[in-house]
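Notes follow the structure.
All figures in this text were calculated on a predicted structure; none of them were measured in a lab.
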Amino acid sequence: MVTAGGLVFISGAEDKKVWAFDAKTGKMVWEYILPAANNANVCSYQINGKQYVALSVGGTKVNPSGSVMAFALPNK
């Protein structure tokens, strides 16, 4: 997923990570280790002018049904 601000979010690998890259330079600007593998595309939404990215994370022994995780993007 690419944001209007030029961030490219990638996830879905078995390594349990989500990354953000600068669309112009290709440089990784952020990564986060998830509690389980991601099993869907990253999506974006906005509430009261604040933008978020969210993704579905698979289940674990502690949380077998999985979860949805959301991250707030920094304000410009």
Side-chain angles (χ1 to χ4, degrees):
M1 181 203 63
V2 182
T3 67
L7 292 175
V8 178
F9 285 88
I10 300 173
S11 188
E14 289 297 318
D15 62 6
K16 302 178 184 177
K17 290 184 180 179
V18 58
W19 302 273
F21 295 90
D22 183 297
K24 290 182 183 177
T25 67
K27 180 181 175 184
M28 182 178 61
V29 296
W30 178 79
E31 74 175 331
Y32 186 85
I33 299 173
L34 302 166
N38 168 258
N39 52 19
N41 292 331
V42 178
C43 67
S44 178
Y45 62 95
Q46 189 177 65
I47 298 175
N48 296 327
K50 184 76 174 162
Q51 186 175 3
Y52 299 85
V53 294
L55 60 149
S56 172
V57 179
T60 63
K61 289 182 181 181
V62 175
N63 181 12
S65 62
S67 56
V68 174
M69 296 182 71
F71 302 91
L73 298 183
N75 294 331
K76 284 197 165 194

From CA spacing to verdict: side chain to side chain contact (heavy atoms under 4.5 Å, CB included), L7, V53: CA-CA 11 Å; L7 292 175; V53 294; over 6 Å; no
Provide the closest heavy-atom pair for [X] versus [Y] in the form atom of the first, atom of the second, distance.
X	Y	value
A54	V68	CB-CG1, 4.4 Å
S56	A40	CB-CB, 4.0 Å
M1	S44	SD-CB, 3.3 Å
S67	N63	CB-ND2, 3.8 Å

CG-CG distance between D15 and N38, expressed to the nearest 0.5 angstrom: 10.0 Å
Could you give the side-chain donor-acceptor pairs of residues 20-30 under 3.5 Å, partners two or more places apart or in another chain?
unit_1, atom_1, unit_2, atom_2, d
D22, OD1, K24, N, 2.7
D22, OD1, T25, N, 3.0
T25, OG1, K27, N, 3.1

Within one Ile-Leu-Val-Met-Phe-Trp-Tyr cluster: V8 and L55, side-chain cutoff 4.5 Å: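 Different hydrophobic clusters.
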Under 3.5 Å donor-acceptor, S11 side chain and K17 backbone: yes
Side chain to side chain, F9 and N41, heavy atoms closer than 4.5 Å: no
Passing option when F71 is tested against Y45, Y32, W19 for ring-ring contact (aromatic ring centres under 6.0 Å, His included): Y32
Test side chain to side chain contact (heavy atoms under 4.5 Å, CB included) applied to V18 and V42, step by step: CA-CA 9 Å; V18 58; V42 178; 4.2 Å; yes
